[in-house]
Amino acid sequence: MHNNKNRAESWIVAVATLFFSLAAPAAAQDAALAEPKGDIVLTIDGNIGVTNADGVANFDRAMLESIKTAKIRTNTPWFDDEVEFEGALLEELMNLVQADGEEVVVTSLNDYQAPVPIADFAKHGTILAYKRDGKYMPISDKGPLFIVYPYDSSPELNTQKYYSRSVWQVRRFTVR
Ligand SMILES: Nc1nc2c(c(=O)[nH]1)N[C@H]1C(S)=C(S)[C@@H](COP(=O)(O)O)O[C@H]1N2
Ligand SMILES: [Mo]
C-alpha cells in the first residue's frame with residue numbers, strides 16, 4: 001500500500017542511487033594515482049582532478065621517474081659548463097593530475113615562490129629535473145627537483161624571465 005511516507009522513501013532511494021552512480025567514476029579516477037611508498041618529494045594542490053591524499057597529489061621519486069622523461073643538454077647561468085638534466089616532462093605531469101588552470105605557483109624548500117605558465121611546458125618541453133649529469137641532485141646542490149628549460153634552444157629562454165621560472169629545490173605546485 002502506498003502512502004506519502006513510502007513515496008518519499010522511494011524518491012530518496014532514487015536520488016541516492018543517481019548520486020552514487022555519478023560519484024563512483026570520480027572516486028575510481030582518484031584511485032588511479034598510486035600512493036607514494038617513499039618520502040614525499042612533491043605535493044601538487046589547487047585545481048587538479050586526480051589526487052591520492054586529501055585534495056592533493058603526493059609524489060615520491062619513483063612516481064616522478066615513472067613519468068615520460070626527457071633530457072636537456074644546455075648552458076645555464078648556474079654552472080660553468082654545459083650540463084645535462086634529466087627529468088619528468090612537466091606537460092605529462094600536468095596531464096597526469098588533470099591540472100586545470102593557467103599557471104602553477106611553485107614553492108621551493110627555501111620558500112622561494114614563482115608563478116610559471118602551464119603553457120610553457122608543451123611549448124618548451126620544460127622538465128622537472130631530478131638528475132644532473134646522471135646523478136640525483138642533493139638539496140645542497142639545487143635538488144632534489146629543479147625546473148629546467150632548454151635555454152640554448154632560443155635566445156628568448158636565455159633571459160631573466162625564464163631564469164626566474166627555473167625554480168630549484170622545488171617542493172610544491174599549486175595549480176590555479
Ligand atoms: N629555490 C630557488 N629557486 C630560484 C631562486 C631562489 O631564490 N630559490 N631564484 C630564482 C630567480 S629570481 C632567478 S633569476 C634565478 C636566479 O639564479 P641566480 O640567483 O643563481 O642568479 O633562479 C631562480 N630560482
Ligand atoms: Mo630573478
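One-based numbering, in listed order, for ligands and for the atoms of each. Keep in mind it's a predicted model, so treat the numbers as computed, not measured.
- Aromatic ring pairs are classed by plane angle as parallel below 30°, tilted from 30° to 60° and perpendicular above 60°; the pair F146 and F79 is tilted.
- For the pairing with T107, the side chain to side chain donor-acceptor pair (under 3.5 Å) check across Q169, R172, Q113 returns one residue only, Q113.
- Sorted by first and then second residue, the ring-ring contact (aromatic ring centres under 6.0 Å, His included) pairs involving residues 99-120 (not counting sequence neighbours) form an empty list.
- Applying the side chain to side chain donor-acceptor pair (under 3.5 Å) test to D141 and every residue at least two apart in sequence or in another chain returns R132.
- No cation-pi contact links R165 to Y149, judged by a cut-off of 6.0 Å to the six-membered ring centre and 45° from its axis.
- Among protein residues, W78, S108, N110, Y112, Q160, Y163, S164, S166, V167, W168 come within 4.0 Å of ligand 1, judged on heavy atoms.
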What pairs of donor and acceptor atoms, side-chain ones from residues 36-44 against any protein atom, are under 3.5 angstrom apart with sequence neighbours left out?
unit_1, atom_1, unit_2, atom_2, d
T43, OG1, N58, OD1, 2.8
T43, OG1, R171, NH1, 2.9

